[in-house]
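Letters A, B, ... are given to chains in the order of the sequence lines, protein chains preceding strands, and every chain is numbered from 1.
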Amino acid sequence: MSELRETRLEKARTLAALGQGPYALRFEPTHRTAALQQAHADLPNGQERDVAVAVAGRVMTRRVMGKLAFFTLADETGPIQLFIEKATLAASMPEDPDAFAHLTSLVDAGDLIGVRGTLRRTDRGELSVKVTGWSMLTKALQPLPDKWHGLADVEKRYRQRYLDLIVSPDTRETFRRRALAVSAMRRWLDERDFLEIETPVLQSQPGGADARPFETHHNALDLPLTLRIATELHLKRLVVGGFERVYELGRIFRNEGVSTRHNPEFTSVEIYQAYADYTDMMALTEQLIAHVCQQVCGSTRISYQGTEIDLTPPWRRATMHALVQDATGLDFTGFSSRDEAAAAMQAKGLEVPALADSVGRLLVEAFEQRVEADLIQPTFVLDYPVENSPLARAHRSKPGLVERFELFIVGRETANAFSELIDPVDQRQRLEAQQERKAAGDDEAQTVDEDFLHALEVGMPPTGGLGIGIDRLVMLLTDSPSIRDVIAFPLLRPEARMESRPEAAAESRQEPRPAAMG
RNA sequence: GGGUCGCUAGCUCAGCGGUAGAGCACUCGGCUUUUAACCGAUUGGUCCUGAGUUCGAAUCUCAGGCGACCCA
C-alpha cells in the first residue's frame, strides 16, 4: 500500500544526494502559463521563439520517449507543455550531465517543479517551454487521482478538497467565482456608503432567527455561550447608535441537519438602511444581485441546472396570499378560525401539522407545500403573517400581516427582508409570545433580549433590513446543485481512518526526513 | 428521523456462492513530436467493520460505520 510512497521517498533521497533537496526554498517564475499562452498565440507550429521564460507548477502528465519527453505543467492559471530534449538539456546544464535522466526518472506526476527555457510550438500545435534547466520545488509523496477520470468519488472530493482543486478546473472556477461574488458585493455596498462592522460570533443569548444554536463555554468567565444564528440584533443596535447604513458579511452557525441546501455553518450578508422600508430593500436586492451576477457571469441571464434564469430587474412581486390562492384555490383571507383553514387544507390534500396553530401559520404551510418549489424565476413573496415574523413591522394596511418579503429563485429562499419593527412595546410583546412558544416545546422559537429592547427604547430610526444567503446565491451563479459544492470544506462526519499509521509513525522516529539529508 | 443506492489495488471500475480481475498509475526494458503516447514484462488486496448461514462468502442474511440522492 505504501509502496508508491516509498518509491517517491527514495527519489527524494536521491535528489538530496545529488545536492538538490526535494523541498526548494524559492523559485522566481517570469510568467504564468495563461499569460504565455495568450502572448504567444501567434507562434506558428514547429517554430521557436527565443524568449527566456521561467515557470513553476505541478506536473500533471508525463510522456517520456527515449531521448525526448513531454510533461504538462500546470500553475494556477492553467497548463503548459514542457518540451524536454536530452541533447538540449545536456548542453544547457553542463553541471549535471544526466539532467535528462534525472528529470525523467526523479520527477513524478504530482511534483511541483520550476523550469527555465525558451518557447516552441510543436508540430501538433502545442505551445511548449523548451526546457534548458529544471529544479525540484516540492516532491509529492502521494500520487494524483486518475488523470482521465479525475476524482469521481464525491465524498473524497469534499474530504480532500485539495485533490479536487488540483484535478478539477470546474471546482477551481467555482471558488474563484465565489470570491468574485463576495468582493463585488462588498464593493457595491461600500460604494453606496454602507459600512461593514463586525459583530460578535460568541453570544450569551442567541437571537435574530428561528434556529437552534451551537453551545460552547468560556472557561475564564465560566460562561455558557452560543454561536450566533444571525447578525440581526447587533446590526440593529448599530443603527440605533447612529450608523445609518451598515452591513456584515460573515459566518452564521445553526445547529441543524445537513442537506444539499444546508450546511451548519454558512455565510450571510445582512444589510440595514435607516429611513428605508421593505420596498426600498426590494429595489436594493434586485440591483445588488443583478450587479453581482453581471460581474461574476458577464450577464444577468444565466443557466442553472439546465433552466434559464433571468435576473434582469425588475423581478416578479406577489403576495403570499395570492400565490397560495393561485396554487390551491384557497383564499386564506376568508378563514375566521384555524380549524376552518385546517379543514379546507385537508380537503385539498394538504398536510396540517399540529405546530401550525393559527391561520397564518397554516398559510405558510400551504405556501411551503404548494408554491415554494415552483418559484423558479426570481420572485419577491410579500406580506407574511405576523406569527412567523417577530422582528418585522406590522403591515401599514393589512391587519395580521407584516411588511416582509422573501426572495425565491429556483425554488429556494435566497433573501429575507423587513420593514424593521422599531416599536419597543410591540417588539416586547412579540418576543414574549415567542418565549411562550419556546416554553411550550418549540426549540427554534426566539427569546426576549432585554438589552436589544432597551436599545429600541433609546430609539431606532425607521429602517429596512435585508439578509441574503451567500452560499445559495453562489450555487446559482456557479450552476452548483449542492451547497457543498460552493463551500471549500463542508461539514462531514470524521472519517474513521488511520489515526496511527505504523509506517509513518515509525519513519518519524527512526529516520531523518529527506530534507535533512542534503 | 424514514427510504433507495454505494463502499473491491494509489485512481476509475468489473466480478454477485467455487483460485481476487481489467484499464490507468507505479517498477523494469525499448522508443526524438507526444498530448488518455505507444510496445513488452512485472508489481500491487483487511473485497468498509463485525457476527451469522454454508463444505466453501467479495458475493447470501443480520447489525454497525461512512457517503450520495430522495422524502419529512
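Distance noted for atom C1' between B:A57 and B:U19: 14 Å (whole Å). Atom name C1', nucleotides B:U42 and B:U27: the rounded distance is 7 Å, in whole Å. B:U32 and B:C66 are spaced 50 Å apart, taking the C1' atom of each and rounding to whole Å. Rounded to a whole angstrom, the distance from the P atom of B:G45 to that of B:U33 is 37 Å. B:C70 and B:G10: their P atoms are spaced 31 Å apart (whole Å). Nucleotides B:A36 and B:A41 are separated by 24 Å at their P atoms, to the nearest Å. For the P atoms, the distance linking B:G15 with B:U43 amounts to 25 Å, nearest Å. Between B:C28 and B:A68, the two P atoms lie 39 Å apart (nearest whole Å).
Across all strands, A:K130 comes closer than 4.0 Å to no nucleic acid atom at all (heavy-atom distances). Here A:L492 lies in heavy-atom contact (under 4.0 Å) with sugar-phosphate atoms only. Residue-level contact check: A:R484 touches the backbone only, with heavy atoms under 4.0 Å from sugar-phosphate atoms and none from bases. Within the 4.0 angstrom heavy-atom criterion, only backbone atoms of the sugar-phosphate kind lie near A:R62; the bases stay farther away.
A cation-pi contact links A:R120 to A:F83, judged by a cut-off of 6.0 Å to the six-membered ring centre and 45° from its axis.
Rounded to whole Å, the distance from CG on A:L355 to P on B:A72 is 17 Å. Rounded to whole angstrom, the span from the CD atom of A:E155 across to the P atom of B:C11 amounts to 12 Å. Following rounding to the nearest Å, A:D443 (CG) and B:G1 (P) show an atom-to-atom distance of 14 Å. In this entry the distance linking CZ of A:R159 with P of B:C11 reads 14 Å, nearest Å. One atom, CG of A:L9, and another, C1' of B:G10, lie 15 Å apart when rounded to the nearest Å. Look at CG on A:L163: it is 10 Å from P on B:U12, rounded to the nearest Å. The NZ-P distance, from A:K156 to B:C13, rounds to 12 Å in whole Å. A straight line from CD of A:E6 to P of B:A25 spans 22 Å, rounded to a whole angstrom.
As the counterpart of B:A57, no nucleotide is assigned, since no Watson-Crick or G-U wobble pattern has both distances under 3.5 Å. Pairing for B:U32 is absent, with no Watson-Crick or G-U wobble pair whose two atom distances lie under 3.5 Å. Checking B:A14 for Watson-Crick or G-U wobble geometry (two distances, each under 3.5 Å) identifies no partner in any strand. Both distances falling under 3.5 Å, in either a Watson-Crick or a G-U wobble arrangement, place B:G1 opposite B:C71. A 3.5 Å limit on both hydrogen-bonding distances identifies B:C48 as the Watson-Crick or G-U partner of B:G64.
Salt-bridge check for A:R404 with A:E406: passed, with a basic side-chain N closer than 4.0 Å to an acidic carboxylate O. Using a 4.0 Å cut-off between a side-chain N of Lys or Arg and a carboxylate O of Asp or Glu, A:R8 and A:D111 qualify as a salt bridge.
Sequence order on RNA chain B of the closest nucleotides to A:Y158 and A:A109 puts A:A109 first from the 5' end.
Residue A:E3 has its side chain nearest to B:U43 when only B:C26, B:U43, B:A37 are considered. Among the nucleotides B:U35, B:C69, B:U32, the one closest to any side-chain atom of A:E126 is B:U35. The listed nucleotides are B:A68, B:C26, B:C11; the one nearest the side chain of A:V154 is B:A68. Looking at the side chain of A:D153, the nearest of the listed nucleotides B:U33, B:U12, B:U32 is B:U12. Checked against B:A37, B:C69, B:U27, the side chain of A:T260 finds its nearest nucleotide in B:C69.
Between the side chain of A:D146 and the base of B:G23, a donor-acceptor pair under 3.5 Å is found.
Residues A:E48 and A:T118 bring no donor and acceptor atom of their side chains to less than 3.5 Å of each other. Judged purely by distance below 3.5 Å, without hydrogens or angles, the side chains of A:S168 and A:D170 never pair a donor atom with an acceptor atom.
A centroid separation of less than 6.0 Å is found between the aromatic rings of A:F408 and A:F367.
A:L73 and A:T33 get closest at one heavy-atom pair: O-CG2, 4.4 Å.
The phosphate of B:C66 has OP1 or OP2 within less than 4.0 Å of a side-chain N or O from A:R493.
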